[in-house]
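Reviewing the structure listed below.
Each chain gets a letter, A, B and so on, in the order the sequences are listed, and its residues count up from 1.
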2 protein chains.
Amino acid sequence: MLPSGSFKWRVRDVEIVDAKARKSDSRPTLVDIAKASGVSKATVSLVLRNSPTIPERTREKVLEAARSIGYVYNRGAASLRLPHTRMIAMAVNNLTNPYFAEIVAAIEDALTAENRIVLMSNTGESVARQSAFIETVREYNVDGLLIVPAVGTDASFVNSLHSLHLPCVLVSRTVPGAKVDYVSPDHRGGMIKAVDHLIKLGHTRIGMIGSNENISTGRDRFAGYREALAKHGIPLEPRLVLSGGETRDVGMAHVIQLLDLPEPPTAVVCFNDIVAFGAMLGLRSRNLTPGEDFSVVGFDDIAEATLWRPALTTVAIPRPNVGKAAVQLLFRRIGNRDAPFESVLIPTELIVRDTTCPPPKKSRSKRKH
Amino acid sequence: MLPSGSFKWRVRDVEIVDAKARKSDSRPTLVDIAKASGVSKATVSLVLRNSPTIPERTREKVLEAARSIGYVYNRGAASLRLPHTRMIAMAVNNLTNPYFAEIVAAIEDALTAENRIVLMSNTGESVARQSAFIETVREYNVDGLLIVPAVGTDASFVNSLHSLHLPCVLVSRTVPGAKVDYVSPDHRGGMIKAVDHLIKLGHTRIGMIGSNENISTGRDRFAGYREALAKHGIPLEPRLVLSGGETRDVGMAHVIQLLDLPEPPTAVVCFNDIVAFGAMLGLRSRNLTPGEDFSVVGFDDIAEATLWRPALTTVAIPRPNVGKAAVQLLFRRIGNRDAPFESVLIPTELIVRDTTCPPPKKSRSKRKH
DNA sequence: ACGATCTAGTAGATCGATCCAGTAACAGCT
DNA sequence: AGCTGTTACTGGATCGATCTACTAGATCGT
């Protein structure tokens with residue numbers, strides 16, 4: 001985006017008084033420190049950057065002068081010469097979803113620890129906003145880009161970033177066909193753990209609800225479900241898989257739909273915790289108790305999961321690790337633009353709480369004969 | 001913070017080849033456009049800023065050249081001369097709380113609409129992180145600062161920002177004694193509406209739970225509770241007011257504590273929706289149904305509120321308005337550093353759903369005689 | 001026809017840092 | 001004394017924009 005109509009013509013005859021006043025209340029610069037401490041601005045610059053060539057006495061003198069005149073380093077000016085700005089852009093699909101908010105918080109933590117600053121945008125699943133944001137941050141010369149891509153982001157868009165020399169890492173979601181670094185919780189592995197757990201408890205009819213093929217997360221979690229069943233020789237029954245949004249409403253509707261099947265399942269794995277809460281409400285509406293009459297497993301382990309009654313069995317994602325890995329991978333990419341692309345999967349962990357149990361006697365005996 | 005040890009000595013003898021290569025793959029500048037279109041860089045600059053002095057033919061020629069060489073405006077370089085950077089810093093106490101995430105999203109929306117970019121930090125209620133963030137963004141010459149202050153932020157800190165000529169607006173929470181612009185939902189007014197509603201339904205014994213004196217939000221909401229009771233001549237009964245955290249656990253514990261009173265209340269207003277959900281779980285654990293046996297009102301109207309069963313009666317905050325007002329006030333401050341400080345309260349609205357009802361017959365008849 | 005005004009530009013200084021190339025002062029060695 | 005090396009700096013170019021001050025040429029009014 002080019003600078004817009006915000007441009008204003010200045011009045012020609014600016015008075016000298018004005019200019020002086022402006023000068024006096026503007027922030028002190030390297031030159032002011034140099035004057036105050038009797039060295040050149042080049043020396044001051046070296047001191048501020050902790051150059052080992054400056055002897056201790058000079059260092060102290062300069063730093064003292066800097067402190068006393070209230071100097072603040074001007075990164076904007078510096079980065080005109082330097083090859084970096086220490087700014088990292090972060091585009092997130094949906095900040096108001098606690099799962100993503102926590103991912104963003106973890107990444108911001110990791111970046112702050114590395115002395116970087118975050119330019120953030122909540123794209124709200126809009127590819128248009130996502131593109132606009134990226135165009136803008138290019139103008140600010142960010143060193144790199146972390147994206148939780150909006151639904152509908154296409155590979156060519158992601159690949160174009162690479163040809164624009166903008167280091168980029170996708171987080172939690174990927175885009176099919178994109179050649180790009182990627183850090184994500186192991187959605188597939190987590191779902192395998194969830195289904196394994198249910199199978200070990202004795203379940204054989206396990207549904208999956210709230211699944212979503214439009215995003216890689218949905219496909220990965222479904223793949224885990226499919227693979228875990230296959231591993232135990234349980235055929236996948238399409239009627240037990242319901243896809244839709246990722247809302248509580250959907251969870252409720254889906255679980256009821258499954259219960260109304262001629263041969264209902266005895267357990268469900270859910271796309272995420274929100275869907276699982278919906279499922280729990282759906283069970284309640286049929287007078288079934290999760291963890292006694294029917295098993296429910298969530299995904300994400302958001303803060304709510306431990307607070308519900310019964311507490312939700314779910315797959316936990318170590319968010320700080322995701323944040324750290326994303327930042328590491330981005331730094332590696334910044335250091336070497338031609339390195340091979342890498343995908344890092346962060347192991348997930350099943351947290352068994354109170355919503356899973358063996359299948360109720362009735363259906364178990366049925367299965368026995 | 002001064003630039004740190006990340007500084008590295010460059011090898012002296014950089015080859016000319018290297019320098020050339022670097023030049024060729026570095027981004028095109030105004031001068032490149034000037035060369036490509038046969039005008040001076042001053043003219044290019046005027047074109048890019050939509051100056052009306054440039055005739056259409058020249059404009060098109062220059063813009064075409066800019067497009068064809070893939071020019072990207074360099075705001076870092078521009079803001080070395082300009083009095084602004086179009087960057088706004090936003091410090092938020094707790095991003096993983098959906099209420100604040102939604103406030104941040106609303107503000108980011110409003111700033112994007114004004115063609116600004118957001119530097120964000122999640123301070124996690126740490127005043128140390130908050131200070132560190134503000135020191136950092138000073139180095140980046142942000143135009144202004146929006147803060148949801150961390151618990152424990154003190155007035156002198158906030159006031160120091162003003163003397164540093166850093167325009168600042170507090171959002172949702174204020175700091176006692178701070179002379180600063182402030183935009184907030186009308187916590188007090190919202191709570192008055194909530195209590196009025198309960199009183200109109202016939203309640204006279206109304207508790208307040210999850211209240212928190214450490215933050216202005218807590219004090220404001222409590223003030224609303226106190227004033228609404230006073231307005232209707234109902235004496236404030238200290239035993240009915242329980243303060244603590246803002247978690248679901250606290251909500252659950254508090255409502256149970258109230259039910260165990262010799263003369264329990266028939267309704268509670270909660271510090272926020274999270275606490276209200278806890279209260280609903282607490283009621284369930286005593287076999288009471290919210291909205292039939294006992295009334296519960298939340299605050300914030302987070303997305304969850306409408307999805308719970310029964311759906312929560314709560315006080316809604318028009319977040320986009322909060323975001324827009326915060327941005328407007330910040331812009332006013334940026335335009336005039338010496339303007340009088342202003343507080344803007346955004347009206348809140350009671351959303352009556354299914355958790356409020358008249359007090360149950362038993363206690364009503366008791367009251368009648 | 002001539003100065004005045006307007007149009008469409010331009011050269012060069014500037015913002016505040018970094019960085020290259022160089023220097024003055026002095027020590028150490030033969 | 002003369003040479004080399006090291007230490008402790010420094011001047012001035014530079015990054016990529018903006019902004020001031022200025023100009024060449026066209027147009028206008030009388």
Side-chain angles (χ1 to χ4, degrees), chain A residues 2-3 6-14 16 19 22-23 26-35 37-49 51-59 61-62 66 71-86 139-141, chain B residues 2-3 6-16 18-19 22-23 26-35 37-49 51-59 61-62 66 71-86 139-141:
Chain A
L2 298 176
S6 65
F7 180 78
K8 260 191 194 165
W9 285 106
R10 281 280 223 90
V11 192
R12 277 288 153 97
D13 45 349
V14 182
I16 295 170
R22 218 178 160 208
K23 189 85 198 167
S26 78
R27 276 170 27 173
T29 73
L30 277 195
V31 176
D32 297 312
I33 304 180
K35 273 183 204 146
S37 57
V39 297
S40 74
K41 73 190 157 98
T43 304
V44 175
S45 176
L46 292 171
V47 168
L48 295 185
R49 283 175 292 150
S51 155
T53 62
I54 306 290
E56 197 53 33
R57 267 181 48 78
T58 310
R59 252 184 84 66
K61 187 175 62 180
V62 169
Y71 173 76
V72 175
Y73 185 68
N74 186 333
R75 282 196 193 275
S79 60
L80 194 50
R81 293 241 55 189
L82 295 171
H84 61 255
T85 57
R86 299 193 152 257
E139 300 183 352
Y140 283 97
N141 294 301
Chain B
L2 299 175
S6 67
F7 181 76
K8 262 192 192 163
W9 285 105
R10 281 281 223 88
V11 191
R12 278 285 153 96
D13 44 350
V14 182
E15 303 146 71
I16 294 171
D18 229 24
R22 217 178 161 207
K23 189 84 195 169
S26 77
R27 275 166 32 169
T29 73
L30 278 195
V31 176
D32 298 314
I33 303 180
K35 273 181 203 148
S37 57
V39 296
S40 75
K41 73 190 156 101
T43 304
V44 176
S45 176
L46 292 170
V47 169
L48 294 186
R49 283 174 293 149
S51 157
T53 61
I54 306 290
E56 197 52 33
R57 267 182 47 78
T58 311
R59 252 185 83 65
K61 186 175 61 179
V62 169
Y71 174 77
V72 175
Y73 185 67
N74 185 335
R75 283 199 192 273
S79 60
L80 194 51
R81 293 240 57 188
L82 294 171
H84 61 255
T85 58
R86 298 191 153 257
E139 300 183 353
Y140 283 97
N141 295 301

Take atom [atom1] of [X] and atom [atom2] of [N], then tell me their distance rounded to the nearest Å.
| X | N | atom1 | atom2 | answer |
| --- | --- | --- | --- | --- |
| A/Arg81 | C/dT18 | CZ | C1' | 5 Å |
| B/Asn141 | C/dC15 | CG | C1' | 11 Å |
| B/His84 | D/dA17 | NE2 | P | 15 Å |
| B/Leu30 | D/dC19 | CG | P | 12 Å |

### Message
By the 4.0 Å heavy-atom rule, please label A/Ala78 as base, sugar-phosphate, or nothing.
### Response
sugar-phosphate
[X] side chain N/O closer than 4.0 Å to the phosphate oxygens (OP1, OP2) of [N]?
| X | N | value |
| --- | --- | --- |
| B/Tyr71 | D/dA17 | yes |
| B/Thr53 | C/dT7 | no |
| A/Ser79 | D/dC15 | no |
| B/Arg49 | D/dT18 | yes |

Between the protein and nucleotides 10-12 of chain C, are there any N/O to N/O pairs under 3.5 Å, and if so, what are the atom names and distances?
residue: C/dT10; atom: OP1; partner: B/Ser40; partner atom: N; Å: 3.3
residue: C/dT10; atom: OP2; partner: B/Ser40; partner atom: N; Å: 2.7
residue: C/dT10; atom: OP2; partner: B/Ser40; partner atom: OG; Å: 2.7
residue: C/dT10; atom: OP2; partner: B/Thr43; partner atom: OG1; Å: 2.3
residue: C/dT10; atom: O5'; partner: B/Ser40; partner atom: OG; Å: 3.4

### Query
Looking only at heavy atoms, what is the nearest atom pair of A/Leu48 and A/Tyr71, with distance?
CD1-CE2, 3.6 Å
### Query
So, for B/Arg27 and B/Tyr73, which heavy atoms are closest and what is the spacing to 0.1 Å?
NH2-O, 3.8 Å
### Task
To the nearest 0.5 angstrom, please state how far the CD1 atom of A/Ile33 sits from the OG1 atom of A/Thr43.
12.0 Å
### Message
For A/Thr85, give me all partners under side-chain hydrogen bond (donor to acceptor under 3.5 Å, both in side chains), at least two apart in sequence or on another chain.
### Response
A/Asp143
